[in-house]
Amino acid sequence: MKNSHVYISVVHYPAVNKDRKWVVTSFTTLDFHDIARPARTYELGGYYIVQPLEAQQFVISQQIKYWLEGFGSGFNPRRSEAARLVKLVSSITEAINDIEKNTGKQPKLIATSAKKYPQTVSYSELRKEIEKKDDVYLILLGTGWGMPEELVKSCDYILEPILGPGSYNHLSVRNAAAIILDRLFSVNREIESL
């Protein structure tokens, strides 16, 4: 696949709440397909769901099983194809280790945020970097009120925020994932003007 050196993840921990305290957020079943399908459309190497809570892991693993082995695998093979990209892990470190085991390279981390940081990069800059295929990448998508600043600042790249014409800036992780992947991997070359 064209972008198999790029992976995406939804990070349920660490996340922050509106008081900026570290929390574990809940998985929603919408996140499963609504991120797996664009990950498959743009031919990524995989989609990691980072969730440390056992009860949540059970729900996620049952969903994976349903689409890979259960009724869903025959009922809707296109969704099953996207579901093959999904991996459940307990931590970002576990995702990094799995990617390194499978590719022989430690992935460069790409943070996403609704805030702009001094080291923020544009989509066109990051797109050019990814197209070189010299490295492996893991895109981190925050949940709740985002990822802790310490985590964001520790990443190799921080993508510029997705902004509309007004001040409202509170997209769902599913909306953000689709927009980010389209800006980075769309075959429509007009995207270069972003």
Side-chain angles (χ1 to χ4, degrees), residues 1-3 6-18 20 23-51 56 59-60 63-64 67 76 78-89 92 95 107 109-117 120-127 130 137-149 151-152 155 157-194:
M1 293 203 291
K2 188 173 193 276
N3 299 306
V6 182
Y7 299 79
I8 195 165
S9 63
V10 168
V11 179
H12 291 288
Y13 183 82
V16 293
N17 64 16
K18 65 180 180 177
R20 310 314 295 166
V23 295
V24 181
T25 59
S26 293
F27 166 77
T28 72
T29 55
L30 291 172
D31 294 346
F32 187 89
H33 285 297
D34 285 358
I35 296 173
R37 288 159 74 180
R40 177 62 188 93
T41 298
Y42 294 105
E43 301 187 335
L44 302 193
Y47 163 34
Y48 290 90
I49 300 173
V50 180
Q51 176 55 261
Q56 292 274 298
V59 172
I60 298 163
Q63 194 164 4
I64 292 171
W67 287 105
N76 192 333
R78 302 290 285 177
R79 285 197 179 192
S80 178
E81 182 181 343
R84 281 196 283 277
L85 292 177
V86 181
K87 283 194 176 180
L88 171 62
V89 293
I92 295 170
L109 300 182
I110 302 168
T112 58
S113 176
K115 260 175 64 177
K116 195 160 190 171
Y117 288 82
T120 294
V121 296
S122 71
Y123 287 89
S124 58
E125 287 174 293
L126 187 58
R127 181 177 178 139
I130 288 171
Y137 301 88
L138 174 60
I139 301 168
L140 304 177
L141 297 167
T143 54
W145 288 68
M147 295 180 286
E149 273 199 14
L151 172 58
V152 173
C155 290
Y157 302 95
I158 304 171
L159 262 176
E160 62 189 354
I162 300 166
L163 300 173
S167 60
Y168 189 85
N169 188 9
H170 196 67
L171 294 170
S172 74
V173 69
R174 298 173 298 284
N175 296 150
I179 293 167
I180 289 165
L181 293 182
D182 190 67
R183 287 184 178 180
L184 290 175
F185 304 112
S186 173
V187 294
N188 179 353
R189 298 320 281 184
E190 289 175 18
I191 203 76
E192 295 299 331
S193 64
L194 289 175

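Numbers here are sequence positions counted from 1.
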Any donor-acceptor pair under 3.5 Å from Tyr123 side chain to Glu160 backbone: yes
Partners meeting salt bridge (Lys or Arg N to Asp or Glu O under 4.0 Å) with Glu149 (sequence neighbours left out): Lys115, Lys153
Side chain to side chain donor-acceptor pair (under 3.5 Å) involving Tyr47 - partner list, sequence neighbours excluded: none
Any donor-acceptor N/O pair, Ser9 side chain to Ile49 backbone, under 3.5 Å: no
Ring geometry between Tyr48 and Tyr7 (parallel below 30°, tilted from 30 to 60°, perpendicular above 60°): tilted
Residues which pass side chain to side chain contact (heavy atoms under 4.5 Å, CB included) with Ala111, listed by chain and number, not counting sequence neighbours: Met147, Val152, Cys155, Ile158
Partner set under salt bridge (Lys or Arg N to Asp or Glu O under 4.0 Å) for Arg37, not counting sequence neighbours: none
Qualifying residue, where the test is side-chain contact (heavy atoms from CB on, under 4.5 Å) with Val11 and the options are Val173, Thr143, Leu140, Thr25: Leu140
Listed partners of Val24 passing side chain to side chain contact (heavy atoms under 4.5 Å, CB included), at least two apart: Tyr13, Gln51, Pro52, Leu53
Any donor-acceptor N/O pair, Thr120 side chain to Tyr117 backbone, under 3.5 Å: yes
Aromatic ring pairing Phe27/Phe32, orientation class (parallel under 30°, perpendicular over 60°, tilted between): perpendicular
Listed partners of Glu81 passing salt bridge (Lys or Arg N to Asp or Glu O under 4.0 Å), at least two apart: Arg40, Arg78
